[in-house]
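The structure displayed is predicted, hence computed values, not measured ones.
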Amino acid sequence: MNPVRWSFRTLMFVGAVACFALIGFAIYSQLQWGLEPCPLCIFQRLAFAALGVVMLIAGIHAPRGRGGRTAYGLLGFAAAAVGIGIAGRHVWLQMHPPGFATCGAPFAFMRETMDTPTLIQKVLTGSGDCGTVDWTFLGLSMPAWSLVWFLLLAAVALFAGLRTRR
């Protein structure tokens with residue numbers, strides 16, 4: 001079972017499942033392990049959601065023409081590129097000493113100074129600090145793994161959208 005030989009539809013569906021599974025893991029780590037997401041983590045989740053939706057729609061539609069497939073491939077790549085930028089910035093922040101750079105004001109300060117409902121603030125802003133590393137796997141932090149996944153999924157979107165056969 002060689003992924004290079006998979007159809008456009010299969011590649012896009014597998015990419016969408018990967019995106020939604022990564023979001024699920026992030027939510028699991030938040031609820032079960034108590035890892036509070038920072039604002040950059042929330043934006044990475046949104047980028048995975050956008051990429052997953054593009055890939056899901058591409059898999060459902062599965063256009064036969066090269067133009068449609070190219071469009072979906074480029075849309076997927078654009079969503080992944082946004083995620084690459086966010087995750088790259090997050091990794092950069094983690095590589096510098098605490099206090100050198102942060103991702104924004106603390107959650108408590110934002111809650112006191114902003115007049116939007118508290119529930120929306122909690123969902124969209126998170127409360128963790130972008131510079132701290134709370135979790136690692138094989139020596140990489142969660143934002144570093146997000147960066148790896150965004151790069152991989154960008155390659156899948158481009159490969160599926162730009163290849164000439166299947």
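Under the ring pair (Phe, Tyr, Trp, His ring centres under 6.0 Å) criterion, Phe25 pairs with Trp33, Trp135, not counting sequence neighbours.
Within the 3.5 Å criterion, the main-chain N or O of Leu162 finds no donor-acceptor partner in the side chain of Arg69. Without hydrogens or angle criteria, Arg9 side chain to Gly59 main chain gives a donor-acceptor distance under 3.5 Å. Within the 3.5 Å criterion, the main-chain N or O of Trp6 finds no donor-acceptor partner in the side chain of Thr10.
Separation of atoms CZ (Arg163) and OG (Ser7) is listed at 7.0 Å; rounding is to 0.5 Å. Within the model, atoms SG of Cys41 and NE2 of His90 stand 4.5 Å from one another, a figure rounded to the nearest 0.5 Å. The CD1 atom of Ile84 sits 11.5 Å away from the OG atom of Ser146 when rounded to the nearest 0.5 Å. A distance of 5.5 Å separates CG in Leu153 from CG in Leu51, rounded to the nearest 0.5 Å.
Checked options Phe20, Phe43, Phe150; the residue passing with Phe48 is Phe150 (criterion: side chain to side chain contact (heavy atoms under 4.5 Å, CB included)).
The two residues Phe8 and Pro63 come nearest to each other via the heavy atoms CE2-CD, 3.8 Å. Closest non-hydrogen pair, Ala16 versus Gly52, comes out as CB-O, 3.6 Å. Contact detail for Ala79 and Ala47: the closest heavy-atom pair is O-CB, 4.4 Å. Looking at every heavy atom in both residues, Ser29 comes nearest to Met142 through OG-CE, 3.7 Å.
One hydrophobic cluster holds both Met55 and Leu11 under the rule that ILVMFWY side chains link at heavy-atom gaps under 4.5 Å. Side-chain heavy atoms closer than 4.5 Å link hydrophobic residues (I, L, V, M, F, W, Y) into clusters, and following such links, possibly through other members, connects Leu147 to Leu152. Two different hydrophobic clusters hold Val17 and Ile27 under the rule that ILVMFWY side chains link at heavy-atom gaps under 4.5 Å. Cluster annotation: Leu56 is connected to Phe159 through the hydrophobic network of ILVMFWY side chains, with a link wherever side-chain heavy atoms come within less than 4.5 Å.
The shortest distance between side-chain heavy atoms of Val91 and Met95 falls below 4.5 Å. Counting heavy atoms from C-beta outward, Leu46 and Val82 have side chains that stay 4.5 Å or more apart. In this structure, the side chains of Trp145 and Leu22 stay at 4.5 Å or more apart for every pair of heavy atoms. At a threshold of 4.5 Å between non-hydrogen side-chain atoms, the residues Ile57 and Met12 do not count as touching.
No side-chain donor from either of Gln44 and Arg89 sits under 3.5 Å from a side-chain acceptor of the other.
Applying the side-chain hydrogen bond (donor to acceptor under 3.5 Å, both in side chains) test to every pair with at least one member in residues 47-61, sequence neighbours left out, gives these pairs: His61-Tyr72.
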